[in-house]
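One structure below.
What you see is a predicted model; the values in this text were computed from it and never measured. Counting begins at 1 with the first residue of the sequence.
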Amino acid sequence: NILTDDLGVGVVIGPLDKTLFQLELSAVPDALHAEIQFLHDSGHDREHVSSSLLNILLQVLDDGRITDSQGKTVNFENTVIVMTSNAGSEGRVGGLGFGRSDQDMVAEKTMKALREFLRPEFINRVDDIITFNHLTEENFLGIADIMLEELRTSLENRSLIFTWTEDVRQKLVQEAYSMTYGARNLRRTIQRLLEDPISERIIDSFEVPISAIHAYVDGGEVQLQTQ
């Protein structure tokens with residue numbers, strides 16, 4: 001990665017030729033490196049992108065290469081560049097529009113947000129802009145399944161059997177579902193309701209080790225049964 005998502009604008013380099021981009025950050029131009037560090041250290045808004053950084057990215061899109069202060073050139077031929085942004089994700093999608101889907105309105109809101117901080121010549125050099133829909137509760141259930149399986153595998157590696165009821169799955173999604181915070185909120189909820197209590201049970205059972213943990217919902221709260 002050239003830029004991480006923590007900076008609000010992520011540029012993921014996916015070379016079709018595996019030998020193309022086996023480079024450390026030092027191979028990125030000094031100006032870009034310094035700009036990334038400045039944005040990170042100064043705590044700018046996630047969508048604050050300076051003109052110098054955009055100029056460097058424009059060079060990549062225009063010329064297909066970037067050159068650092070020592071004359072080292074990185075060639076971007078046969079390379080796919082994916083830039084991610086949270087532009088347009090704030091707030092709710094609203095407005096009137098007969099015959100317009102929510103997806104259409106999300107796409108319009110995203111483009112409006114992009115035009116507010118990206119110059120037209122930059123947007124014009126992007127082949128395609130893809131907008132992602134908000135995660136639904138059904139999506140959250142699928143993600144919860146993945147995270148629960150990860151937890152089960154982790155405990156199995158410690159010779160512990162972990163099982164749960166369907167109510168636990170539903171409870172996690174009920175607690176965590178948020179269009180604003182996304183799936184990261186689900187990870188925090190699993191940590192709070194399952195991982196932390198399980199860790200405490202394991203520590204408390206030091207003298208008499210447990211072999212199995214079962215999670216269920218009782219009285220509206222996630223409970224643990226050990227044996």
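With sequence neighbours left out, Asn185 forms a side-chain hydrogen bond (donor to acceptor under 3.5 Å, both in side chains) with Arg188. Here Glu166 pairs with Arg169, Gln170 under the side chain to side chain contact (heavy atoms under 4.5 Å, CB included) rule; sequence neighbours left out.
Shortest non-hydrogen contact noted between Phe140 and Gly182 is CZ-O, 3.3 Å. Contact detail for Asn75 and Gly64: the closest heavy-atom pair is OD1-O, 3.4 Å. When every heavy atom of Val126 is checked against every heavy atom of Ile129, the shortest pair comes out as CG1-CG1, 4.1 Å.
Atom NZ of Lys171 is separated from atom OG1 of Thr165 by 12.0 Å, given to the nearest 0.5 angstrom. Rounding to the nearest 0.5 Å places OG1 of Thr226 at 12.0 Å from NE2 of His214. Rounded to the nearest 0.5 Å, atoms CG (Leu186) and CD (Gln191) are 12.0 Å apart. Note that the CG atom of Leu224 and the CD atom of Glu200 stand 9.5 Å from one another [nearest 0.5 Å]. To the nearest 0.5 angstrom, Leu135 atom CG is 11.5 Å from Leu141 atom CG. The structure places CZ of Arg152 at 8.5 Å from CG of Leu148, a figure rounded to the nearest 0.5 Å.
Side chain of Ser154 to main chain of Glu150: no donor-acceptor pair is present (N/O by atom type, distance under 3.5 Å, no hydrogens or angles). Listed for the Asn139 side chain is a donor-acceptor partner under 3.5 Å among the backbone atoms of Thr136.
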Derivation and outcome, side chain to side chain contact (heavy atoms under 4.5 Å, CB included), residues Phe162 and Leu160: CA-CA 6 Å; Phe162 176 56; Leu160 289 169; over 6 Å; no

Evaluate the criterion side chain to side chain contact (heavy atoms under 4.5 Å, CB included) for residue pair Ile190 and Glu195; output intermediate values, then yes/no.
CA-CA 6 Å; Ile190 289 178; Glu195 293 179 358; 4.0 Å; yes

- Query: Which is it for Arg192 and Thr189 under the side chain to side chain contact (heavy atoms under 4.5 Å, CB included) test, yes or no, and what are the steps along the way?
  - Reply: CA-CA 5 Å; Arg192 176 171 55 87; Thr189 301; 4.0 Å; yes

Should Glu108 and Lys112 be marked as a salt bridge (charged side-chain N to carboxylate O under 4.0 Å, His left out) after you check the CA-CA gap, both sets of side-chain angles, and the distance that decides it? CA-CA 6 Å; Glu108 180 179 329; Lys112 180 179 179 181; over 6 Å; no

Note to self: Would Ile143 and Val173 count as a side chain to side chain contact (heavy atoms under 4.5 Å, CB included) here? Give the steps.
What the structure shows: CA-CA 9 Å; Ile143 297 171; Val173 172; over 6 Å; no

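The number of heavy-atom neighbours closer than 6.0 Å to CD1 of Ile161, taken from other residues, nucleotides and ligands shown, is 12 or below. Counting non-hydrogen atoms of other residues, nucleotides and ligands closer than 6.0 Å to CG of Asp127 gives a total of 12 or fewer.
Proximity of Ile213 to Gln225: side-chain heavy atoms (C-beta onward) are nowhere separated by under 4.5 Å. Taking 4.5 Å as the limit, every side-chain heavy atom of Asp167 sits out of range of all side-chain heavy atoms of Val222. With a 4.5 Å cut-off on side-chain heavy atoms, Val217 and Gln223 do not count as touching. Using a 4.5 Å heavy-atom threshold, the side chains of Phe122 and Asn124 count as separate. Side-chain contact between Leu172 and Leu194 is present, with heavy atoms from C-beta onward closer than 4.5 Å. At least one side-chain heavy atom of Ile130 sits under 4.5 Å from a side-chain heavy atom of Asp128.
Note on Ile123 and Met83: same hydrophobic cluster, where clusters join Ile, Leu, Val, Met, Phe, Trp and Tyr whose side-chain heavy atoms are under 4.5 Å apart, directly or indirectly.
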